[in-house]
Amino acid sequence: MCGITGYVSFHRDARREKPVIEAMTATLTPRGPDAGGVWTGEHAAIGHRRLAVIDIAGGVQPMLDRPQDPTTVLTYSGEVYNHHELRAELRGLGHTFHTRSDTEVVLRAYAQWGEGMADHLEGMFAFGIWDEREQRLVLVRDRLGVKPLFWAAVDGGLAFGSEPKALFAHPEIRPRVDADGLREAYSLLFNTGPTVWSGVREVEPGGILVLDRGGVRERRYWELRAHPHGDDQDATVERVRELVGAAARSQLEADVPLCSLMSGGLDSTVLTGLLADELRRREGEDARIRSYAVDYSDQAEEFTGDVLRTGHDTPFANEAGAFIGTDHSTVILDPRALLDPEHRKAVVVARDSPIGVGDMDTSLYLLFGEIRKHSTVALSGEAADEVFGGYPWFHNPKALAAETFPWLLVTGDEAAMPMNPDLRLGLTEFRENTYRAALDAVPHLDDETPAEHRQRVMQHVSLTRWLRQLLHRKDRLSMAQGLEVRVPYCDHRLVEYAFTTPWSLKSFDGREKSLLRAAGAGYAPDSVLYRPKNHYPATHHPDYNRGLQAMARDAMSLEQVRMLADERLVKPCLDTPAEQLEWGHRLRLERVVDLALWLDHYKPELAL
């Protein structure tokens with residue numbers, strides 16, 4: 001995993017501006033602490049920071065097809081899990097390889113197939129290729145958008161990077177926020193394309209962007225489609241077991257220490273069981289995978305359930321670790337440490353955004369820091385809820401009937417956005433228009449019932465929107481600690497198969513994630529297999545609430561924060577006794593604190 005950046009301008013000689021690409025590349029050092037490099041040509045400058053995972057000696061970047069007189073220059077982030085098969089295929093087509101890295105496979109795949117190479121790649125990736133002969137830049141992002149890729153226009157071309165902060169190191173791109181950006185950030189609709197930053201866009205998941213002298217062209221090489229599902233229940237369960245197992249096995253390759261994130265929930269436990277089973281098959285019965293969970297020092301005494309959490313994770317994680325036979329560790333965090341201003345600032349800077357989930361972001365960042373002391377790669381259960389229908393909104397009649405994005409009703413996030421109404425952002429109309437556009441993008445089958453189509457809508461918006469912010473969160477907070485996180489449930493073949501599976505099969509046992517539960521039988525203890533859905537843990541300690549209230553009071557004393565946040569919504573949260581502060585109200589305070597940190601660090605121009 002790495003950080004990539006670069007720019008192309010047909011109006012200037014990039015060879016005379018090497019400090020620019022060096023500055024852009026330096027911003028991504030946390031993503032690639034092991035090495036860095038830049039390349040400059042007449043109209044292109046390419047930078048790279050490397051986290052060495054496969055072929056540590058040979059995978060140096062930017063990678064050139066010919067060291068002395070390159071025609072193709074690649075900066076690449078991610079993992080292509082089928083690189084061994086592609087290497088063999090490309091060798092058969094006459095290509096010669098000099099490294100074991102998947103980076104070189106991508107480079108040679110472009111030489112063979114051009115932009116069509118994207119269809120051959122399986123994995124999580126974002127990369128930029130400068131074609132010197134064609135004077136063309138090609139940007140490619142993986143199908144689900146696991147790896148981030150941003151871009152912005154510059155004079156005569158564009159700049160790109162793994163994170164917006166790399167773009168802001170270019171002298172023509174400044175951090176600027178307008179009303180459109182605030183709508184994108186605070187509407188919680190998770191569009192792909194626009195960002196909070198004016199002029200900064202994402203390459204779409206499953207997308208390709210091409211820049212040449214004719215301008216910029218974008219297209220999608222992959223998107224979800226609806227197809228008839230011909231398998232019965234037994235065949236569907238077996239196919240899911242095959243696909244999840246294949247995804248897990250393909251992502252075990254690494255030349256560095258590897259571990260699993262195992263919370264004690266169904267998704268991560270089944271995944272860890274599959275990984276442990278495969279590791280024993282490869283290395284012998286004594287092989288054990290490391291697994292990690294997070295908890296808070298107060299959790300056993302202070303835990304109280306809410307709309308997202310039904311129980312304390314640690315006992316289930318410990319039982320799962322013993323059942324599977326992992327080297328399991330629980331990272332215990334002091335709730336008060338989550339208030340450390342340096343930790344919170346690091347999280348906001350990692351996100352490049354004022355929008356997050358407060359202590360849950362800070363604790364994840366600290367968890368990744370502890371894991372990084374022992375492992376460089378971790379595998380996570382992200383996306384199983386989107387793929388198999390695990391969220392409450394798949395089962396909540398109110399959410400199913402509502403003409404809006406379901407998480408706005410179930411999680412209460414809409415009420416947790418303390419935006420100043422004087423800004424007149426038009427969030428209600430924006431949400432309505434965006435929701436209609438989201439519905440238009442959902443494929444359907446002619447013979448499906450209205451109820452079946454409604455579930456397809458729920459899954460489509462979950463996979464294309466809600467999942468987007470979870471993947472951003474996981475990528476940005478892990479890479480800020482120099483940790484690569486892989487997400488096997490995002491394997492596009494698994495996603496495609498599950499998307500075409502009727503809801504009656506996804507819920508055949510009357511519960512959430514029926515298919516994963518059946519396919520994972522034997523890989524997790526029954527207590528975990530039949531445990532209700534539980535979200536990432538949050539601290540419940542009153543001292544955390546008191547400290548958060550104090551930080552929010554300080555934040556609301558700042559003029560720019562008051563300009564953006566509605567004091568009338570924030571004040572009741574400040575005055576509520578810490579022991580009685582509800583989750584939604586606490587989230588308001590979290591976002592006010594993050595807003596202040598974001599404004600202080602980026603000092604954005606607010607064009608409102």
Side-chain angles (χ1 to χ4, degrees), residues 2-29 31-32 35-50 58-78 95-99 101 103-115 117-118 125-141 149-163 166-173 203 208-218:
C2 307
I4 66 171
T5 190
Y7 69 91
V8 172
S9 174
F10 295 112
H11 293 173
R12 58 164 56 92
D13 189 339
R15 294 170 295 188
R16 299 176 181 176
E17 300 178 346
K18 192 173 182 181
V20 173
I21 188 61
E22 289 176 336
M24 295 173 70
T25 304
T27 66
L28 300 175
T29 299
R31 296 186 72 92
V38 301
W39 175 91
T40 57
E42 182 179 4
H43 294 301
I46 304 295
H48 188 266
R49 289 296 316 186
R50 188 180 185 211
V60 176
Q61 295 188 54
M63 185 173 283
L64 317 179
D65 62 340
R66 300 189 313 202
Q68 302 307 317
D69 183 25
T71 63
T72 309
V73 182
L74 169 66
T75 183
Y76 162 78
S77 170
H95 293 269
T96 301
F97 288 84
H98 305 285
T99 74
S101 69
T103 305
E104 189 177 9
V105 170
V106 174
L107 188 68
R108 306 299 172 190
Y110 177 78
Q112 180 65 39
W113 296 301
E115 295 173 33
M117 68 177 169
F125 46 80
F127 55 86
I129 291 179
W130 172 247
D131 189 322
E132 184 77 1
R133 287 177 175 168
E134 299 293 332
Q135 294 285 282
R136 177 173 60 196
L137 175 70
V138 180
L139 302 180
V140 182
R141 193 173 179 199
L149 185 53
F150 298 87
W151 67 280
V154 298
D155 182 36
L158 65 81
F160 67 92
S162 296
E163 300 178 7
L167 304 181
F168 298 146
H170 190 285
E172 295 180 30
I173 306 172
V203 175
I208 295 176
L209 182 150
V210 177
L211 167 74
D212 57 23
R213 293 182 184 274
V216 173
R217 302 184 304 280
E218 293 185 83

Testing the basics here: between [X] and [Y], what is the closest heavy-atom pair and its distance to 0.1 Å?
X    : Y    : value
I208 : A118 : CD1-CB, 4.0 Å
A166 : G161 : CB-CA, 4.5 Å
A14  : A44  : CB-O, 3.6 Å
V140 : V138 : CG2-CG1, 3.8 Å

Nearest 0.5 angstrom please: [X] [atom1] to [Y] [atom2], how far?
X    : Y    : atom1 : atom2 : result
L209 : L149 : CG    : CG    : 8.5 Å
F150 : R141 : CZ    : CZ    : 7.0 Å
H48  : T75  : NE2   : OG1   : 4.5 Å

Stepwise, does the side-chain contact (heavy atoms from CB on, under 4.5 Å) test hold for F127 with M63? CA-CA 11 Å; F127 55 86; M63 185 173 283; over 6 Å; no
Using the side-chain hydrogen bond (donor to acceptor under 3.5 Å, both in side chains) criterion, which residues pair with [X]? Sequence neighbours excluded.
X    : result
T25  : none
W130 : E132
R15  : D13
R16  : none

Not counting sequence neighbours, which residues clear salt bridge (charged side-chain N to carboxylate O under 4.0 Å, His left out) with E115? List them please. R219
Quick one: salt bridge (charged side-chain N to carboxylate O under 4.0 Å, His left out) partners of R217, sequence neighbours excluded? D212
Side chains of residues 67-74: which donor-acceptor pairs under 3.5 Å do they make with residues two or more places apart or in other chains?
unit_1	atom_1	unit_2	atom_2	d
D69	OD2	R66	NH2	3.3
T71	OG1	D65	OD2	2.2

If you look only at distance, which donor and acceptor atoms sit under 3.5 Å apart when one is on a side chain in residues 105-113 and the other is two or more places apart or in another chain?
unit_1	atom_1	unit_2	atom_2	d
R108	NE	E104	OE2	3.4
R108	NH2	E104	OE2	3.1
Y110	OH	D131	OD2	2.7
Y110	OH	R136	NH2	3.0
Q112	OE1	H95	NE2	2.8

Please set out all donor-acceptor pairs under 3.5 angstrom arising from side-chain atoms of residues 2-12, sequence neighbours excluded.
unit_1	atom_1	unit_2	atom_2	d
T5	OG1	F160	O	2.8
Y7	OH	E17	OE1	2.9
S9	OG	H11	N	3.2
S9	OG	D155	O	2.6
H11	ND1	D155	OD1	3.0
R12	NE	E17	OE1	3.4
R12	NE	E17	OE2	3.0
R12	NH1	E172	OE2	3.0
R12	NH2	E172	OE2	2.7

Flag, side chain of R49 to backbone of T29, donor-acceptor distance under 3.5 Å: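 Checked: no pair found.
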Compare all side-chain heavy atoms of T27 with those of E163 and state whether any distance is below 4.5 angstrom. no
